[in-house]
Amino acid sequence: MDYINAFWVGGLICALVQILMEKTKLMPGRIMVLLVCAGTVLGALQLYEPLIEFAGAGASVPLLGFGNVLWKGVKEAVDQNGFIGIFMGGFKASAVGISGALIFGYLASIIFQPKMKK
């Protein structure tokens, strides 16, 4: 049942984002920022953690989950270090995901040798 919940929740998030992309004139970069900010706000309101418990990777992998990770990292760092935690918490919490994206993106560029459009 965990896989089914992850599938339909992740699919619903993707479908809503696709509708947003097609029905508005927002550029993809702005939609990505909107998703990260929405995940942060939902995390701050303590609404995203129950969704992650229910859907697992279906809720934690999309950009909403990245915003939630940033929020949790900042919250923990502020609790431990005070004001300076605002600046370091998000980096510590998301370092593994960001590093993985950079490394795998680099490896994909070596394997597939992308070319610039003319």
Side-chain angles (χ1 to χ4, degrees):
M1 197 62 179
D2 290 339
Y3 294 121
I4 294 171
N5 288 338
F7 179 78
W8 78 262
V9 170
L12 180 65
I13 291 169
C14 291
L16 292 173
V17 170
Q18 188 66 40
I19 291 169
L20 186 65
M21 288 176 66
E22 291 182 12
K23 299 295 182 185
T24 66
K25 294 182 180 181
L26 291 173
M27 300 297 288
R30 291 186 179 176
I31 292 174
M32 291 171 62
V33 170
L34 180 69
L35 289 170
V36 172
C37 292
T40 303
V41 170
L42 289 173
L45 297 174
Q46 299 178 352
L47 297 173
Y48 207 71
E49 199 61 38
L51 183 62
I52 290 175
E53 290 175 14
F54 174 75
S60 63
V61 172
L63 282 173
L64 288 168
F66 181 68
N68 186 50
V69 166
L70 289 174
W71 162 252
K72 287 192 320 191
V74 168
K75 184 177 181 297
E76 289 174 13
V78 167
D79 290 343
Q80 291 177 357
N81 304 314
F83 181 75
I84 195 73
I86 294 171
F87 302 105
M88 61 188 237
F91 291 116
K92 285 178 73 175
S94 62
V96 173
I98 293 171
S99 298
L102 290 172
I103 290 168
F104 289 118
Y106 178 72
L107 291 175
S109 72
I110 290 173
I111 293 169
F112 296 108
Q113 300 174 357
K115 298 187 178 36
M116 296 294 291
K117 292 183 179 180
K118 296 180 181 178

Looking at Gly73 and Ala93, what are the two nearest heavy atoms and their distance? CA-CB, 3.5 Å
Sub-3.5 Å donor-acceptor pair from the side chain of Tyr48 to the main-chain atoms of Ala38, do we have one? no
Tell me whether Met21 is reachable from Met32 by hopping between hydrophobic residues (I, L, V, M, F, W, Y) whose side-chain heavy atoms are closer than 4.5 Å. yes
Rounding to 0.5 Å, atoms SG (Cys37) and CG (Leu64) come to a distance of 10.5 Å
Nearest heavy-atom contact between Val74 and Gly90 is CG2-N, 3.5 Å
Rounded distance [0.5 Å steps], CG in Leu107 versus CZ in Phe112: 10.5 Å
Verify same cluster id: Val17, Val41 (apolar side-chain graph, 4.5 Å): yes
When rounded to the nearest 0.5 angstrom, what distance separates OG1 in Thr40 from CG in Leu35? 10.5 Å
Hey, what do you get for CD (Gln46) to CG (Asn68), rounding to the nearest 0.5 Å? 10.5 Å
Just jot down the salt bridge (Lys or Arg N to Asp or Glu O under 4.0 Å) partners of Glu49, sequence neighbours excluded, or say none. Lys72
Do Leu47 and Val69 belong together in a cluster built from hydrophobic side chains that touch within less than 4.5 Å? no
If you look at every heavy atom in Phe66 and Ser94, which pair is closest and at what distance? CE1-CB, 3.6 Å
Is the centre of the Phe87 ring less than 6.0 Å from the centre of the Phe83 ring? yes
Assess whether atom CZ of Phe54 is packed by more than 12 heavy atoms of other residues, nucleotides or ligands within 6.0 Å. yes
Would you say Trp71 ends up clustered with Ile84 if hydrophobic residues are merged whenever their side chains have heavy atoms under 4.5 Å apart, either directly or through other cluster members? no
Would you mind reporting whether Leu16 and Leu20 have side-chain heavy atoms less than 4.5 Å apart? no
To the nearest 0.5 Å, how far apart are CD1 in Ile52 and CG in Leu42? 10.0 Å
Tell me, which pairs form a side chain to side chain donor-acceptor pair (under 3.5 Å) where one or both residues lie in residues 51-63, sequence neighbours left out? none
Using the rule that Ile, Leu, Val, Met, Phe, Trp and Tyr join whenever any side-chain heavy atoms are under 4.5 Å apart, tell me whether Leu12 and Val61 fall into a single cluster. no
Neighbour count above 12 (heavy atom, 6.0 Å) for Asn81 CG: yes
Scan residues 21-38 for pairs that pass side chain to side chain donor-acceptor pair (under 3.5 Å), counting only residues two or more places apart or in two chains. Gln18-Glu22
Any donor-acceptor pair under 3.5 Å from Ser99 side chain to Val96 backbone: no
Closest non-hydrogen atom pair between Ala77 and Gly89, with its separation: CB-CA, 3.4 Å
Give me the atom names and distance for the closest heavy-atom approach of Ile13 to Gly58. CD1-O, 3.8 Å
